[in-house]
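Worksheet for the structure shown next.
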Amino acid sequence: MKPHLFSAANFLALARRALLFCALAGTVSHCALAESASKAADPDKVLKWVFNVAESGFDPAATRDLYSNGINYNIFETLYSYDYLASPAKLIPRAAEALPEMSADAKTYTIRLKKGITFTPDAAFNGKKRELTMEDYVYSIERLFDPRIASPHSWLFEGKIVGLDELAKQARKSNRFNYDAKIAGFELIDKYTLRIHLNQPDFNIGLILAHNPTGAVAREVIEKYQDLQGQVMDHPVGTGPYLLARDEWVRGSKIVLLANPDFRGYIWDFKGSDSPEDQKITAAMKGKRMPQIGRVEIDVMVEDQSRWLAFRRDEVDIFELEGPLAPQALDDGKLKPELAKKGIQLSRIPDPEITYYYWNMQDPVLGGLSKEKIALRRAFAMAHDVDEEIRLVYNGNALALQYPIPPGIVGHDPNYKSSIQYNPAAANALLDKFGYKKGPDGYRTLPDGKPLEVRYSARSGPVGKLQTEVWKKSYDSIGVKMKEDMLQFVELLKAEKACQLQTRNAPWIADYPDGDNFMQLFYGPNIGQNNNGCVSIPEYDKLYAESQKLPPGPERDLLYHKMTRIMEVNGAQLMGFARYRNMLAQQRVIGYKKHPIIYGEWMFFDVEKRH
């Protein structure tokens, strides 16, 4: 049998074989583990899910999109995760034994790993299982700095771990990371205990170690497949609750996950609020051995209407109702009575995200910090009606934001008011003042008389098309010619990372629930990773570096306010909105609730068998 090519029959056979081995060996502890695996996920419990974009691949170090990372969350285990029901989000151990032990100066963290966790069998281990150790987590973090991977996640640890930046600098020169070199910041006490030494205080290490890019991969697996084109992204081997059924995977069309028969499982015992939703979930789920779902089938459907029709035909169990479709199912944010009568369930949260608009600061036409370029970008920002976009594109299914840290995230300020407000008259006057003259055709030219045209990029599909229409209206209102640029999602992200786009709507969903995760979006050294607008403003960068040394609180908030004003003054971007995430579930789905940080919550809820 090839590694990872599991069917339902394979699953049951493996579980029975494990029980037989335990009976013959007479080892109670191993029997208990095998029994818990066999009694948990039921291969006949099938969850049908849907993605609205194609997957990009499954490597924690390289994956950038939300949807592929939902797969990664279930295959590769991070040291920490989040309580399923707690609000606000609460950090809990995952592969770790307990929460990290932090020194008084917040510069040293000690983390202990649970024993007995194993990677799923693979040819890289000669077809056997291999125990997870802390060395795997060190290796996985180091991979974020390997120049051959060009990870978009190295910012998570840049400047933080003692000795890591020096090794990363050497790697960039040689184009090869030395994984055998010792790093002072990673002190392996034993194979289950890691002590991390930081260059300066950092209060978010626990949160960062709950983020998907830090999920544990095995060096043997990476080295076996890395020289084969695309094989690392296509051959995920982890320790998590699910594994990829590679024989059933049709790229860009269908993904199948199967419950990992070697996963240790857990007993569902989360404690929610007193809300009726949480109480119903607790009553239905408490005491169950998890995961329950044995098979997750994910179809890729780009078209909104296709997803909606598939859900209405009961071909999909859980469906994300995006803004354009909201009127089909919701009235003022509540489920329509006819759907509620059918047992359809709604889980609705304001996403811990921000969609902002950027103008590429490295672009020869729009970028730079000269007065006329700043005036141009500020005029663009003042010409756009965010409320109108929410109304026309998202059917009111979003919350306008003025501050870069959204609600539900530490550091959010609900009373902040941006210095850039919708005012097309002022925008036109600003362009007139700085020499952007209108020609006979009614469109403006650059101050040197050359044509001025803005290329607006968006994701292919109905939402992207509506966005381009709204932005064309904004640019027309100030006499600026706009050209639309519709791209597939993967192409869009690739071009954006390379600073090749001029402007777009850039959504960012929290990796971890702290304001630092949003303020880093505009930090110069993060260009090529998460700094989509390719902005580098020295004054901002200096304050951001200072903010990282501070715990959450008034002192850090003051710096965040100053940094936000700097961005506004330079017209680098305009804050937009946070969308509401509406998840519709069929009646057979038990215990589902959309988590604000985790995507792919399949190990936390249950589903009845289809008949």
Side-chain angles (χ1 to χ4, degrees), residues 59-62 76 78-80 95-96 99-113 132-220 222-223 226 511-512 516-517 520 523-530 541-542 544-551:
D59 176 0
F76 304 99
T78 48
L79 285 162
Y80 300 100
L99 292 177
E101 301 165 19
M102 185 180 74
S103 63
D105 62 1
K107 291 177 66 177
T108 302
Y109 285 78
T110 302
I111 303 163
R112 306 180 197 283
L113 182 66
L132 174 70
T133 70
M134 273 300 193
E135 192 171 349
D136 294 310
Y137 283 100
V138 171
Y139 173 73
S140 300
I141 293 171
E142 290 175 341
R143 289 188 71 233
L144 305 182
F145 292 85
D146 191 329
R148 293 173 298 177
I149 299 171
S151 174
H153 309 296
S154 60
W155 64 273
L156 291 165
F157 295 98
E158 280 177 346
K160 296 182 179 180
I161 310 295
V162 174
L164 180 56
D165 290 272
E166 290 76 9
L167 195 59
K169 185 177 180 180
Q170 294 174 20
R172 289 192 293 271
K173 290 180 179 179
S174 63
N175 199 39
R176 184 171 293 271
F177 194 95
N178 183 4
Y179 290 102
D180 295 315
K182 296 295 183 182
I183 297 174
F186 290 131
E187 182 186 356
L188 288 164
I189 307 300
D190 55 49
K191 67 178 185 177
Y192 303 113
T193 310
L194 172 64
R195 186 164 290 142
I196 300 176
H197 300 279
L198 305 177
N199 292 311
Q200 63 187 34
D202 192 301
F203 298 87
N204 285 326
I205 290 297
L207 299 176
I208 289 171
L209 293 174
H211 186 26
N212 286 322
T214 67
V217 299
R219 183 172 178 175
E220 302 96 307
I222 301 301
E223 291 183 347
Q226 67 184 358
D511 298 317
Y512 49 89
D516 174 76
N517 190 226
Q520 61 85 22
Y523 182 49
N526 287 352
I527 292 173
Q529 299 184 72
N530 303 320
D541 292 348
K542 180 181 178 182
Y544 176 74
E546 292 179 15
S547 73
Q548 285 201 299
K549 302 174 186 177
L550 299 173

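One is the number of the first residue; the rest follow in order along the sequence.
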*Can you name the closest pair of heavy atoms from Ala168 and Phe145 and give their distance?*
CB-CD2, 3.6 Å

*Is the shortest distance from a Lys or Arg side-chain nitrogen in Arg219 or Asp180 to a carboxylate oxygen in the other one below 4.0 Å?*
yes

*Using a 4.5 Å cut-off on heavy atoms from C-beta on, say whether the side chain of Ile189 contacts that of Thr110.*
no

*asked:* Quiz question: by atom type and distance under 3.5 Å, do the side chains of Asp202 and Tyr109 form a donor-acceptor pair?
replied: no

*Take Arg148 and Arg176 through the side-chain contact (heavy atoms from CB on, under 4.5 Å) test and state the conclusion after the steps.*
CA-CA 7 Å; Arg148 293 173 298 177; Arg176 184 171 293 271; 2.7 Å; yes

*Given the rule in the side-chain hydrogen bond (donor to acceptor under 3.5 Å, both in side chains) test, do Asn530 and Tyr523 qualify, once you have shown the distances and angles that lead to the verdict?*
CA-CA 9 Å; Asn530 303 320; Tyr523 182 49; over 6 Å; no

*Give the C-alpha distance, both sets of side-chain angles, the deciding distance and a yes or no for side-chain hydrogen bond (donor to acceptor under 3.5 Å, both in side chains) between His153 and Gln529.*
CA-CA 7 Å; His153 309 296; Gln529 299 184 72; over 6 Å; no

*Would you say Gln170 and Arg172 make side-chain contact, with heavy atoms under 4.5 Å?*
no

*asked:* Check this for me: does any side-chain nitrogen of one of Asp59 and Arg143 sit under 4.0 Å from a carboxylate oxygen of the other?
replied: yes

*Arg195 side chain reached by Thr108 side chain, heavy atoms, under 4.5 Å*: yes

_Donor on one side chain, acceptor on other, Asp516 and Tyr544, under 3.5 Å_ = yes

*Assess whether side-chain contact (heavy atoms from CB on, under 4.5 Å) is satisfied between Asp190 and Met134, documenting all intermediate values.*
CA-CA 8 Å; Asp190 55 49; Met134 273 300 193; over 6 Å; no

_Leu156 and side chain to side chain contact (heavy atoms under 4.5 Å, CB included): which single residue from Asn204, Leu207, Leu209, Ile208 fits?_
Ile208

*Give a yes or no on whether a salt bridge exists between Asp105 and Lys107, defined as a side-chain N under 4.0 angstrom from a carboxylate O.*
no

_For Glu135, is the CD atom crowded, meaning more than 12 foreign heavy atoms sit under 6.0 Å from it?_
no

*Name the orientation class of the two ring planes belonging to His211 and Tyr512 (parallel below 30°, tilted from 30 to 60°, perpendicular beyond 60°).*
perpendicular

